[in-house]
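Structure record follows, encoded as structure tokens.
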Amino acid sequence: MEEILEIRDGCSTPEQLLKSLAFARYLKIYKQEFIDDLRQRSGRQRHEAQQKIAAIKDIQPRDFLEILGTERFPDPLSEERARSLVRFLDGAFHHFRGTAYSRLVRLQNDVVSTGTETPETVKDKVTDKALHLSDLINESRRRLLLRVGLERGVRRTPGTDAAPNVTAGEISGHYFNLPAGYVALAHVPLTIAADIRTGVDYATPSNRRAKPFYELEHNPLDEASFVPNHWVAVPLQVGAWLIVAYIHKSRGCIEMEPGLLNIFPFAPIEDIENHRRPDGIFIFGDPNAADHDLGYWWDERHQVLVGMVPNRDELKYFGYCKKPILTLHNVLAIRAGEVPLHCGCTRYVVRFDEHDEPYIADMLIKADDMGRVRLERGPDNRTRPIFYGTETGAFACLDGFSEQAKLQMAGREVGYNKDTGSNARQIVPVTDEAEIGRGDRLDMLLYVNNFTLIEQGASTLHATMDTEEAIQHFRLGERVASGSTGTHRGNKESSYWANPFPLLVDDDGTVLHPELHDKFQENEQAFIADLNVAISHGEMRIGVAYSQLMAGVYKNNSDEDITRCGYRGRDEVEQQGPVRLAEDLIDTIKELARAKRERLGATDEVSITVALVGDSRTGKSETAEKMEGILGLQLV
């Protein structure tokens with residue numbers, strides 16, 4: 001198992017850094033990886049490799065301390081050996097910034113024990129620690145290069161960021177009110193504030209999901225085999241629920257940590273201080289879990305939902321982190337009488353100019369991939385569908401984005417598997433906690449069809465459907481797949497309500513989770529009843545949006561169909577289809593804004609909240625990107 005580096009030392013000078021336990025551990029890690037690589041050599045290289053291995057084994061931290069403290073080398077041979085050692089350490093520097101994984105950790109119990117610190121002050125501290133360590137590493141490198149004569153001429157700085165992958169402010173896990181059956185988990189410190197290095201791409205053993213995350217009939221967690229020192233814990237606010245994620249400290253698993261920190265907000269520290277129990281526990285990368293432990297289990301006795309992903313290479317993909325956490329969210333939402341929606345949802349701020357013409361002033365993302373509808377009673381005693389989001393980040397598939405959009409993502413992203421070709425993804429922040437946490441009335445609910453071709457000049461929106469007709473599209477959940485899951489690219493598949501995690505009905509109509517399915521149907525009927533009332537009062541529209549995103553690869557669309565609908569070729573459909581939908585959406589949103597302003601008597605601005613329901617690669621994010629480009633708004 002490849003090691004990760006956890007740094008708990010506090011250093012102020014290059015000399016202290018080279019004397020630290022963290023440096024000794026990292027040198028050992030780098031030496032071992034270097035030696036393991038050399039041992040793979042064969043033929044003529046084998047003899048040279050054996051000699052180099054012997055030399056590398058002899059390298060110790062004191063060698064670099066001696067070089068740093070040497071004013072003048074006694075002879076050319078000593079100077080040449082010192083230069084060779086510094087070249088080796090410079091390789092370790094690039095390894096640290098590239099393929100290694102490091103965590104700088106500071107314990108911050110004062111947040112809950114005395115109240116003299118807050119997550120915000122801790123966040124400032126961990127950022128300062130990360131910056132200081134980065135500067136110290138760069139300074140140490142420069143001094144060593146200078147001492148052996150490798151710093152002459154132009155200084156070549158490979159970027160300035162030598163910070164750890166994650167700098168974490170932690171509190172002791174015993175402050176967390178875990179149920180009695182999960183005491184071992186309380187020994188894992190909780191991350192309550194963090195600084196993550198962005199602009200990084202991680203290579204994980206897998207880059208797509210193939211196995212389902214379904215309900216189990218047993219608790220997948222074996223508490224007796226749980227080793228607290230091998231885990232990190234992150235308490236997350238996922239919708240209305242507190243879900244704590246435990247990530248194994250092994251390569252292929254620990255890389256999920258910065259992704260999670262870039263996509264979900266932290267749970268409020270008040271929840272921990274007020275001894276709130278977690279609603280869900282998620283375990284990623286348990287080496288003691290078996291294949292049949294993949295899934296979730298409702299612990300009736302302790303009233304907590306437990307999710308498990310075993311430590312298997314085929315499961316070491318961020319989709320197996322994000323989707324199971326959202327599954328826990330959705331199960332909890334359904335149990336609470338709410339309707340989870342696999343959707344993108346945006347609140348459009350519409351203002352009116354001096355001629356009383358509407359214009360879209362801002363697009364505020366409420367959900368990139370998942371949200372929920374809660375039926376809330378208003379002052380007029382009517383219940384209405386109110387939408388809430390879940391994630392502050394987007395797990396974006398880069399295949400469908402323009403180069404301009406990719407450039408705008410750069411610098412804040414945590415990427416995965418960019419060199420694997422298809423399904424390369426990045427996690428980028430797209431909204432804030434305040435937006436996903438505020439409830440907004442739905443003004444328009446649309447199912448996104450990504451495969452039906454629409455002729456040029458015809459509308460890509462059918463947004464005034466009868467409720468029952470529209471709901472059939474949601475229940476059928478048809479889409480053409482991009483190949484990021486088990487379905488072959490270009491083939492059509494169907495998933496009930498666009499797969500609200502977990503999938504409730506199989507392709508052949510088999511109910512997969514009977515109790516949850518029955519509760520979902522009960523919630524759905526209440527939702528439909530409120531939709532009908534809202535539509536009858538002119539407050540809402542429902543229907544189908546045609547993104548055409550995968551229409552170019554859909555095997556049932558002929559070349560003649562592509563040409564007839566105004567496209568010069570199949571490749572053009574993916575970029576131009578969402579543009580057509582974006583243009584029609586803009587017109588419809590302005591139309592809705594006029595009507596809402598007249599209905600509410602608002603004068604300055606109104607908000608129009610639109611949810612686009614669909615599974616992966618249906619065009620939710622791509623259409624939003626095209627709208628932002630048309631409107632001249634910033635991407636995020």
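What you are looking at is a predicted structure, and each value in this text was computed from that prediction instead of being measured. Any value given below was found using the heavy atoms of this structure, including those in side chains, with hydrogens, waters and symmetry copies removed.
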Could you tell me how the ring of [X] sits relative to the ring of [Y]: parallel (under 30°), tilted (30 to 60°) or perpendicular (over 60°)?
{"X": "Phe96", "Y": "Tyr26", "value": "perpendicular"}
{"X": "Phe284", "Y": "Phe282", "value": "tilted"}
{"X": "Phe64", "Y": "Phe23", "value": "perpendicular"}
{"X": "Phe34", "Y": "Phe88", "value": "tilted"}
{"X": "His248", "Y": "His230", "value": "perpendicular"}
{"X": "Tyr317", "Y": "Phe395", "value": "tilted"}

Rounded at 0.5 Å granularity, tell me how far [atom1] in [X] sits from [atom2] in [Y].
{"X": "Asn219", "Y": "Met308", "atom1": "CG", "atom2": "CE", "value": "7.5 Å"}
{"X": "Ile196", "Y": "Thr167", "atom1": "CD1", "atom2": "OG1", "value": "10.5 Å"}
{"X": "Leu136", "Y": "Cys11", "atom1": "CG", "atom2": "SG", "value": "6.5 Å"}
{"X": "Asp279", "Y": "Leu328", "atom1": "CG", "atom2": "CG", "value": "10.0 Å"}
{"X": "Arg143", "Y": "Thr13", "atom1": "CZ", "atom2": "OG1", "value": "7.5 Å"}

Ignoring hydrogens and angles, state whether a donor on the side chain of [X] or [Y] is under 3.5 Å from an acceptor on the partner side chain.
{"X": "His302", "Y": "Asp299", "value": "yes"}
{"X": "Asp124", "Y": "Thr127", "value": "no"}
{"X": "Asp36", "Y": "Gln40", "value": "no"}
{"X": "His342", "Y": "Asn330", "value": "no"}
{"X": "Thr618", "Y": "Asp615", "value": "no"}
{"X": "Ser621", "Y": "Asp368", "value": "yes"}

Backbone N or O of [Y] within a donor-acceptor pair of the [X] side chain at under 3.5 Å?
{"X": "Asp58", "Y": "Ala55", "value": "no"}
{"X": "Glu33", "Y": "Tyr30", "value": "no"}
{"X": "Thr118", "Y": "Thr121", "value": "yes"}
{"X": "Ser84", "Y": "Glu80", "value": "no"}
{"X": "Asn109", "Y": "Ser113", "value": "no"}
{"X": "Arg197", "Y": "Arg97", "value": "yes"}
{"X": "Arg8", "Y": "Leu104", "value": "no"}
{"X": "Asn288", "Y": "Ser225", "value": "yes"}
{"X": "Asp110", "Y": "Glu117", "value": "no"}
{"X": "Ser20", "Y": "Leu17", "value": "yes"}

Could you walk me through whether Val309 and Leu315 pass the side chain to side chain contact (heavy atoms under 4.5 Å, CB included) test, one step at a time? CA-CA 7 Å; Val309 175; Leu315 304 178; 3.8 Å; yes
NZ/NE/NH1/NH2 to OD/OE distance under 4.0 Å, [X] and [Y]:
{"X": "Lys322", "Y": "Glu391", "answer": "yes"}
{"X": "Arg103", "Y": "Glu170", "answer": "yes"}
{"X": "Arg25", "Y": "Glu6", "answer": "no"}
{"X": "Lys249", "Y": "Glu3", "answer": "no"}
{"X": "Lys123", "Y": "Glu120", "answer": "yes"}
{"X": "Lys211", "Y": "Glu314", "answer": "yes"}
{"X": "Asp37", "Y": "Lys52", "answer": "no"}
{"X": "Arg617", "Y": "Glu622", "answer": "yes"}
{"X": "Arg72", "Y": "Glu79", "answer": "no"}

Checking Tyr101 against Tyr202 for the side chain to side chain contact (heavy atoms under 4.5 Å, CB included) test, could you report, in this order, the C-alpha distance in whole Å, the side-chain angles of both residues, the deciding distance, and whether it holds? CA-CA 10 Å; Tyr101 192 95; Tyr202 296 100; 4.0 Å; yes
If you define the side chain from C-beta out and look only at heavy atoms, does anything of [X] sit under 4.5 Å from [Y]?
{"X": "Tyr296", "Y": "Glu215", "answer": "yes"}
{"X": "Pro258", "Y": "Val200", "answer": "no"}
{"X": "Pro310", "Y": "Asp286", "answer": "no"}
{"X": "Phe501", "Y": "Val331", "answer": "no"}
{"X": "Val86", "Y": "Arg83", "answer": "no"}
{"X": "Leu68", "Y": "Leu18", "answer": "yes"}
{"X": "Ser134", "Y": "Ile137", "answer": "no"}
{"X": "Leu260", "Y": "Ile247", "answer": "yes"}

Please evaluate residues Trp297 and His218 with respect to the criterion ring pair (Phe, Tyr, Trp, His ring centres under 6.0 Å), reporting the C-alpha separation (whole Å), side-chain torsions for both, the decisive distance (0.1 Å), and the verdict. CA-CA 6 Å; Trp297 179 70; His218 66 281; 8.1 Å; no
So, is the end of the Arg425 side chain (NZ or CZ) under 6.0 Å from the ring centre of Tyr416 and within 45° of the ring's axis?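 No, cation not above the ring by the 6.0 Å, 45° rule.
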Partners passing side chain to side chain contact (heavy atoms under 4.5 Å, CB included) against Asp313 (at least two apart in sequence or in another chain):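 Counting only residues at least two positions away or on another chain, Asp313 forms a side chain to side chain contact (heavy atoms under 4.5 Å, CB included) with Pro205, Lys316.
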Centroid-to-centroid, His174 to His187, below 6.0 Å?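 No; His187 has its ring centre 6.0 Å or more from that of His174.
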Let me see the working for Leu236 and Ile325 under side chain to side chain contact (heavy atoms under 4.5 Å, CB included), right down to the final yes or no. CA-CA 10 Å; Leu236 304 170; Ile325 288 175; 4.0 Å; yes
For the pair Asp369 and Lys620, evaluate side chain to side chain contact (heavy atoms under 4.5 Å, CB included) and give the outcome as yes or no after the intermediate values. CA-CA 8 Å; Asp369 192 46; Lys620 299 171 293 185; 3.1 Å; yes
Minimum heavy-atom separation for Tyr214 and Pro502, please, with both atom names.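 Minimum heavy-atom separation between Tyr214 and Pro502: CD2-CB, 4.2 Å.
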Which heavy atom in Ile272 sits nearest to a heavy atom in Pro235, and how many Å separate them?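 Heavy atoms of Ile272 and Pro235 come nearest at CD1-CG, 4.2 Å.
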Among Thr204, Asn207, Asn423, find the one that has a side chain to side chain donor-acceptor pair (under 3.5 Å) with Asn417.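 Exactly one option meets the side chain to side chain donor-acceptor pair (under 3.5 Å) with Asn417, and it is Thr204.
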Can you tell which of Leu305, Val306, Val244, Leu185 makes a side chain to side chain contact (heavy atoms under 4.5 Å, CB included) with Pro278?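 The side chain to side chain contact (heavy atoms under 4.5 Å, CB included) with Pro278 is passed solely by Val244 among Leu305, Val306, Val244, Leu185.
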